[in-house]
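Below is one structure, written out as structure tokens, with a few remarks after it.
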Amino acid sequence: EALGPCQAGLEDNHLLGCERYRVTCGGLSPQVVKVRRWADPQREGPSQGHIVFGMGGTGEGWTVTRTNDPAHGEHQLVRRLTRAGFVVYERAWEEGWWGRSSDEQGIAAAACRYRTLVAHLAQGSESPTCVFGNSGGSTEIAYGLTRHGLDRIIRLAILGGGPPMGRIDYGCSADRP
């Protein structure tokens, strides 16, 4: 559910806006996420693809924090991707991606929120969607892939620095589904 615009926190001509969404799924309590959208404002025609970035921890921070510095790697990466015709999204959960769900149904269940968000961002596009998550951001992708059908929405997932939480004994146990 769209809630309207949010503060983007940066000024850059490739930053086209920031929107807030309430994400609900799997019977979990709703979580609000902010999404910044980056694209080349002079490019016409369909995009080459959509790329969703997510940072670690509980996912409350932005991936791109210093785009006003042209020498900084974040600035160069976003510009390179948008000039190549990609639309870049960043997500920042207002109360973390798992929120109260770790008390409700657990962290793996909460990753349905990420899958729901990515499905919304990819909706109606013929272009491929790819995702990148670092640390805790890679966890929401991993659980989205293994538990919530994210693999049916995206073409590529890149997991950086994680997932940091894991129980190999649970994942490899004959007693677990």
Side-chain angles (χ1 to χ4, degrees), residues 1-6 8 14-40 46-64 74 77-78 81-82 84-102 104-166:
E1 164 191 9
L3 299 176
C6 57
H14 285 225
L15 177 56
L16 301 184
C18 184
E19 294 290 326
R20 292 177 69 234
Y21 299 94
R22 180 177 293 117
V23 179
T24 57
C25 64
L28 300 172
S29 57
Q31 285 292 80
V32 176
V33 65
K34 299 177 285 192
V35 178
R36 293 197 295 202
R37 182 176 181 269
W38 301 83
D40 187 336
S47 72
Q48 293 293 314
H50 304 269
I51 300 171
V52 182
F53 284 125
M55 282 309 290
T58 60
E60 295 174 39
W62 297 113
T63 304
V64 180
E74 297 166 356
L77 175 62
V78 168
L81 291 170
T82 58
F86 291 94
V87 176
V88 176
Y89 297 98
E90 295 177 88
R91 64 92 189 103
W93 298 98
E94 289 190 0
E95 295 182 18
W97 65 269
W98 62 74
R100 295 180 297 277
S101 302
S102 58
E104 295 172 9
Q105 296 181 30
I107 291 175
C112 71
R113 292 184 179 115
Y114 184 78
R115 186 247 183 244
T116 301
L117 174 64
V118 172
H120 173 75
L121 296 175
Q123 188 174 22
S125 175
E126 301 277 327
S127 302
T129 298
C130 301
V131 295
F132 168 81
N134 187 58
S135 192
S138 70
T139 302
E140 65 184 338
I141 294 170
Y143 284 136
L145 290 167
T146 60
R147 305 270 179 112
H148 302 290
L150 182 61
D151 58 311
R152 293 187 297 273
I153 301 167
I154 65 169
R155 178 171 294 171
L156 174 70
I158 298 177
L159 309 179
M165 49 262 310

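Nothing here was measured: the structure is a model prediction, and the numbers come from that model.
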Under 3.5 Å, which donor-acceptor pairs do the side chains of residues 117-128 form with other protein atoms, sequence neighbours left out?
unit_1 : atom_1 : unit_2 : atom_2 : d
Ser125 : OG     : His50  : NE2    : 2.8
Ser125 : OG     : Ser127 : N      : 3.0
Ser127 : OG     : Ser47  : O      : 2.6
Ser127 : OG     : Ser47  : OG     : 3.3

Which value, rounded to the nearest 0.5 Å, describes the distance between [X] atom [atom1] and [Y] atom [atom2]?
X	Y	atom1	atom2	value
Trp97	Ile107	CH2	CD1	5.5 Å
Arg37	Tyr89	CZ	OH	5.0 Å
Thr129	Ile51	OG1	CD1	9.5 Å
Trp38	Phe53	CH2	CZ	10.5 Å
Cys112	Gln31	SG	CD	10.5 Å
Met55	Asn134	CE	CG	5.0 Å

Would you mind writing out the side-chain donor-acceptor pairs for residues 18-28 within the sub-3.5 Å range, not counting sequence neighbours?
unit_1 : atom_1 : unit_2 : atom_2 : d
Arg20  : NE     : Glu94  : OE2    : 2.7
Arg20  : NH2    : Glu94  : OE1    : 3.2
Arg20  : NH2    : Glu94  : OE2    : 3.3
Arg22  : NH1    : Glu1   : OE1    : 2.8
Arg22  : NH1    : Glu1   : OE2    : 3.2

Arg115 meets the salt bridge (Lys or Arg N to Asp or Glu O under 4.0 Å) criterion, sequence neighbours left out, with none

Do Arg36 and Trp62 meet the cation-pi criteria used here (NZ or CZ under 6.0 Å from the six-membered ring centre, within 45° of the axis)? yes

Those residues that, when tested against Arg91, pass side-chain hydrogen bond (donor to acceptor under 3.5 Å, both in side chains) (two or more places apart): Glu140

Under the side-chain hydrogen bond (donor to acceptor under 3.5 Å, both in side chains) test, residues paired with Thr146 that sit two or more places apart: none

Taking salt bridge (Lys or Arg N to Asp or Glu O under 4.0 Å) as the cut-off, I'd like each qualifying pair that reaches into residues 144-163, sequence neighbours left out, listed once.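 The answer is none; no pair qualifies.
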
So, for [X] and [Y], which heavy atoms are closest and what is the spacing to 0.1 Å?
X	Y	answer
Ala39	Val87	CB-CG2, 4.3 Å
Gly61	Ala92	O-CB, 3.8 Å
Ala157	Ile154	CB-CD1, 3.7 Å
Ser135	Gly56	CB-CA, 4.0 Å

Please check this pair: side chain of His148 against backbone of Ile141, looking for a donor-acceptor N/O pair closer than 3.5 Å. no

